[in-house]
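Chain identifiers are assigned alphabetically (A, B, ...) following the order of the sequence lines, protein sequences preceding nucleic acid strands; residue numbering begins at 1 within each chain. Any value given below was found using the heavy atoms of this structure, including those in side chains, with hydrogens, waters and symmetry copies removed.
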Protein chains: 2
Amino acid sequence: MESQDLRRAGLKVTTPRLKILEILAGSGIEVLRHLSAEDTYKRLLESNEDIGLATVYRVLTQFEAAGLVSRHHFEGGTAVFELNRGEHHDHVVCLDCGRVEEFADADIEALQGKAAERLGFSIADHSLIVYGHCQRTGCAYRKA
Amino acid sequence: MESQDLRRAGLKVTTPRLKILEILAGSGIEVLRHLSAEDTYKRLLESNEDIGLATVYRVLTQFEAAGLVSRHHFEGGTAVFELNRGEHHDHVVCLDCGRVEEFADADIEALQGKAAERLGFSIADHSLIVYGHCQRTGCAYRKA
DNA sequence: TTTGCTGCAAATGCTTTGCATGTAG
DNA sequence: CTACATGCAAAGCATTTGCAGCAAA
C-alpha cells in the first residue's frame with residue numbers, strides 16, 4: 001500500500017498525494033516514467049480528479065524532499081519527476097521524440113568521484129544527461 | 001581582435017556584442033568564467049555601458065547559436081554562459097558558495113558514448129554536472 | 001479540535017518578444 | 001540606403017505563495 005510510503009515520509013495521507021504517487025508508480029512503461037508537473041496534472045484530469053496544478057507542484061516538491069521522487073532538468077525549461085526505485089541511474093534523452101532511457105555505469109560514477117575529489121570537493125550529487133537521437137520506429141512523433 | 005570572431009559568426013560588429021564578448025573573455029579568473037545574463041548585465045553597468053538586459057539575452061543566445069559560448073543549466077533556474085575555448089569539459093559546482101570548477105575526463109566521455117550507443121542512440125551532446133562542497137577558505141560567502 | 005492540506009488567484013523570477021528608433025555595412 | 005540591432009516595456013512560461021476554506025488524525 002502506498003499510504004505507508006506517505007506516512008513514513010511524515011506526510012498526511014490525502015487524495016492528491018495518493019493519486020500522484022499512483023500516477024508516478026502506475027506507469028511502469030518506461031517512456032512514461034518521467035513526467036512534468038503539467039503531465040501529471042493532465043493525467044489527474046483524465047482520471048477525473050479535481051486537483052489543482054499548484055497542489056501538484058507542492059506535492060511533487062514534498063516528495064522530492066522526502067526522497068520519494070527525483071527531479072531532473074532536461075533541456076527545455078521544464079522539470080520532470082520520476083519515482084525513486086533505489087538504484088541510481090543516469091539518462092539519455094532523444095532530441096527528436098523526447099524518449100528518455102536510463103542507464104547505470106559504476107565506472108563512470110567512480111571516475112566522476114575521483115575527478116571531483118581531485119578538485120577538493122566532497123560530492124553531494126550529480127547529474128549526467130546524454131542527448132542524442134534514437135533510431136526507433138515511431139521516433140519524432142511525440143515532439144510534434 | 002574580437003571583431004573577427006563576430007564577423008566570422010556572421011554577426012554585425014556592434015558595441016553590445018563586443019563588450020559582452022570582452023566580459024566573457026576578459027575574466028580569465030576561473031571563478032568568474034561562468035556568468036548569468038544578469039551577471040553579465042551588471043558587469044556592463046559597472047563599465048558604464050548603456051546596454052539593456054534584453055539585448056544581453058539576445059546576444060548571448062546568438063553567441064550560443066554561433067558556437068561562441070555554451071549555456072549551462074546548473075541548479076537554480078538561472079542559466080549561465082561561458083566562452084567556448086575549444087576543448088570540451090564538465091563541471092563541478094559547490095552547493096555552498098557557487099564556485100564552479102571544470103574538469104575533463106576522456107574515459108568518462110568514452111563510457112558515456114558506449115552507454116548511449118548500447119541503447120541505440122547516436123550522441124549529439126551531453127551534460128555532466130557534479131554538485132558538492134568545496135573545502136576552500138572563503139567558501140560559503142558568495143551564496144549569502 | 002487542531003494541525004496540516006488544498007484550491008484558487010495572484011505573485012514571482014527568468015527569459016522572450018513587439019515595436020519604434022538607431023546604426024553598421 | 002537597407003537590413004539588421006537595440007532599448008524599453010509588455011508578454012510568456014514554469015513555478016511559488018497567500019489566504020480562506022477543508023479534511024486527516
* Could you state the atom-to-atom distance from CG of L18(B) to P of dA5(D) in whole Å? => 13 Å
* Structure fact -> In numerical order, the residues of residues 44-55 of chain A whose heavy atoms come under 4.0 Å of DNA chain C are D50(A), I51(A), G52(A), A54(A), T55(A)
* Asked: Just by modelled atom types, is the C134(B) backbone N or O under 3.5 Å from a matching donor or acceptor in the R99(B) side chain?
  -> no
* Asked: Given dT17(D), dT15(D), dG7(D), which nucleotide is nearest the side-chain atoms of A37(A)?
  -> dT15(D)
* Asked: Hey, what bend do you get for the helix from dT1(C)-dA25(D) to dG25(C)-dC1(D) if you fit axes on five pairs at each end, rounded to 10°?
  -> 40°
* Is there a chain of hydrophobic side chains (I, L, V, M, F, W, Y, each step under 4.5 Å between heavy atoms) that links F103(B) to L95(B)? -> no
* Which class fits the ring pair H89(B) and H34(B): parallel under 30°, tilted 30 to 60°, perpendicular over 60°? -> perpendicular
* Asked: Same hydrophobic cluster for I23(A) and L6(A), using side-chain heavy-atom links shorter than 4.5 Å among ILVMFWY?
  -> yes
* Output every pair passing ring-ring contact (aromatic ring centres under 6.0 Å, His included) with a member in residues 35-66 of chain B, not counting sequence neighbours, ordered by first then second residue. => none
* Asked: Are E82(B) and R71(B) close enough for a salt bridge, meaning some N to O gap below 4.0 Å?
  -> no
* Residues in salt bridge (charged side-chain N to carboxylate O under 4.0 Å, His left out) contact with D5(A), at least two apart in sequence or another chain -> R8(A)
Please list, pair by pair, any protein nitrogen or oxygen found under 3.5 Å from a nitrogen or oxygen in nucleotides 21-25 of chain D.
none

* Asked: How close or far is atom C1' of dT16(D) from atom CZ of R71(A), stated in whole angstroms?
  -> 11 Å
* **Leading and trailing nucleotides of DNA chain C with any atom under 4.0 Å from heavy atoms of chain B** => dC14(C) to dG25(C)
* Asked: OP1 or OP2 of dT16(D) sitting under 4.0 Å from any side-chain N/O of R58(A)?
  -> no
* **Length of the line joining D39(A):CG and dA14(D):P, which is rounded to integer Å** => 11 Å
